[in-house]
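Within every chain, numbering begins at 1; the chains are lettered A, B, ... in the order of the sequence lines, protein sequences first and strands thereafter. Note: hydrogens, waters and symmetry copies are ignored here, and every other heavy atom, side chains too, is used.
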2 protein chains.
Amino acid sequence: MAKLQKSIEKRNALIQATISLVNNNGFHATPMSKIAKMANVSPATIYLYFENKQDLLNKVYIEVKQAFTSYVFTNYTPDTPVADGFKLIWNRIADFKLKEMEEALFLAQCDNTPIIDETSRQEGLIHLQPLLDLWKRGQEEGILKPMSPYLLYAYSINPLSFLMVMQNRGAFKLNEETLEEAFQAAWNSISI
Amino acid sequence: MAKLQKSIEKRNALIQATISLVNNNGFHATPMSKIAKMANVSPATIYLYFENKQDLLNKVYIEVKQAFTSYVFTNYTPDTPVADGFKLIWNRIADFKLKEMEEALFLAQCDNTPIIDETSRQEGLIHLQPLLDLWKRGQEEGILKPMSPYLLYAYSINPLSFLMVMQNRGAFKLNEETLEEAFQAAWNSISI
DNA sequence: CAAAAAAGAATGAACATTCATTTTTAGTTG
DNA sequence: CAACTAAAAATGAATGTTCATTCTTTTTTG
């Protein structure tokens with residue numbers, strides 16, 4: 001009797017191919033046949049791992065988002081002082097965007113278009129809770145401005161996405177110096 | 001003999017339909033037949049006004065971008081003091097995003113995906129020159145941090161796009177109070 | 001050797017674009 | 001100013017292609 005033996009390598013190859021092709025062409029301009037080809041797999045095989053094209057995209061999105069948040073909160077504990085904790089998390093986010101550029105670009109595209117189901121989008125948000133808690137703590141301690149988390153995010157985290165996209169287009173270079181400037185700008189806009 | 005009599009109304013209807021449908025479904029998930037239907041026009045008629053689907057998108061992008069920049073720099077002259085000029089331009093951008101939400105969302109989607117030709121994207125950037133000049137002046141006067149324009153943009157202008165998208169998704173409300181907070185955050189991150 | 005996994009070819013729907021006609025337009029003529 | 005006309009504008013239907021998904025067969029697995 002045979003057991004489940006679907007290969008995790010094939011699944012991963014499919015996910016990587018999806019990320020890369022969606023980054024370069026957009027979701028709807030990416031045929032399943034191309035994803036299959038890039039993953040060295042038959043088109044029919046995709047349907048052993050995913051229900052359909054939309055399900056493939058949703059699953060890729062959620063898994064990449066999980067990888068992102070898990071990366072971001074490594075080494076962070078809720079008892080870290082606010083300023084240190086923020087700097088730590090901010091730098092991990094910047095690291096992720098630099099080192100896992102493909103994944104980060106993919107997330108940026110999903111977050112800015114209607115290609116992702118609303119429910120999958122919601123699911124991707126849950127994991128940011130530790131950052132929201134940190135901000136709340138910072139506001140209670142009078143360190144951070146009493147702003148909506150959306151404003152805090154817009155001015156301290158989101159700019160990194162913009163800079164990454166610009167770097168990807170060859171217009172800008174994120175290096176040690178510009179990262180330091182970016183962090184200072186972020187901190188100045190949200191701290192009291 | 002008849003002269004050119006292609007109706008500007010039809011062209012505008014096509015542009016509006018494209019903006020609305022692309023906002024809701026994305027470019028590649030929007031069939032020409034739907035654009036035609038929404039514009040009360042036959043599919044074939046689209047090809048009297050635009051070469052093909054990609055040309056339609058490029059033209060819509062460029063025209064909306066022009067409307068945006070022309071709106072943004074109304075009332076600004078290059079001899080306005082830096083701080084006043086920045087506040088003026090920043091508020092016009094915020095106004096545009098609030099009052100012409102459809103157009104602004106459309107631009108945001110185009111700026112964050114590979115659906116637009118690189119050349120059209122370039123063409124859309126040209127018109128920001130007055131803002132770049134203002135920033136240069138501000139840096140020479142020691143009012144603004146000596147940062148790359150990309151950093152200045154990331155921390156003072158781009159956050160508005162994020163907030164608009166969030167407002168569109170019902171998660172956040174841009175009103176007089178939050179706009180004031182947003183402007184303060186922007187100014188704090190770029191000024192010395 | 002059975003059952004799952006994988007493959008390649010087949011199917012059918014969706015859609016961008018073109019084609020063949022009809023309708024509208026604005027000069028022109030009586 | 002009304003009837004006429006030729007060209008542009010507009011149309012609905014046709015065309016051919018692309019592509020998601022399924023079907024049938026082959027391969028791999030334990």
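Between the NZ atom of B/Lys53 and the P atom of C/dT18 there is a distance of 15 Å, rounded to whole Å. Residue B/Ile46 contributes atom CD1, which lies 16 Å from atom P of D/dA9 at whole-angstrom precision. Look at OH on B/Tyr47: it is 12 Å from P on C/dC15, rounded to the nearest Å. The CZ atom of A/Phe50 sits 13 Å away from the P atom of D/dT21 (whole-angstrom rounding). Rounded to an integer number of Å, the gap from CD of A/Glu51 to C1' of D/dT22 is 15 Å. Between the CD1 atom of B/Ile8 and the P atom of D/dA8 there is a distance of 19 Å, rounded to whole Å. In this structure, B/Leu56 places its CG atom 16 Å from P of C/dC15, rounding to the nearest Å. Atom NZ of B/Lys34 and atom P of C/dC15 are 7 Å apart (whole Å).
Within the structure, a side-chain polar atom (N or O) of B/Tyr49 is placed less than 4.0 Å from OP1 or OP2 of D/dA10. Regarding contacts with the backbone of C/dA6, a side-chain N or O of A/Lys10 is found under 4.0 angstrom from either OP1 or OP2. Taking only side-chain nitrogens and oxygens, A/Thr45 comes nearer than 4.0 Å to OP1 or OP2 of C/dA7.
Comparing C/dA16, D/dT21, C/dA6 by their nearest atom to the side chain of A/Leu48 picks out C/dA6. The nucleotide whose nearest atom lies closest to any side-chain atom of A/Ser42 is, among C/dG8, D/dA10, C/dA6, C/dG8. Side-chain atoms of B/Asn52 lie closest to C/dT17 of the nucleotides D/dA10, C/dA6, C/dT17. Which of D/dA10, C/dA6, D/dT22 sits closest to the side chain of A/Ala44 comes down to D/dT22. The side chain of A/Met32 lies closest to D/dA20 when the candidates are D/dA20, C/dG8, C/dA6.
Note: A/Trp135 and A/Tyr153 have perpendicular aromatic rings, judged against thresholds of 30 and 60 degrees for the angle between ring planes. Ring orientation note: the planes of B/Phe73 and B/Tyr76 are tilted relative to one another, at an angle of 30° to 60°. Ring orientation note: the planes of A/Trp90 and A/Phe183 are nearly perpendicular, at an angle over 60° on the 30°/60° scale. Using a 30° and 60° split on the angle between ring planes, B/Tyr150 and A/Phe172 fall in the tilted class, from 30° to 60°.
A distance-only check finds a donor-acceptor pair linking the side chain of A/Lys145 to the backbone of A/Ser189 [under 3.5 Å].
Within the model, atoms OG of A/Ser156 and CD1 of A/Ile93 stand 7.5 Å from one another, a figure rounded to the nearest 0.5 Å.
For the pair A/Arg121 and A/Tyr61, the cation-pi criterion (under 6.0 Å, within 45° of the ring axis) is not fulfilled.
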Short N/O separations, protein against nucleotides 14-18 of chain D, under 3.5 angstrom:
none

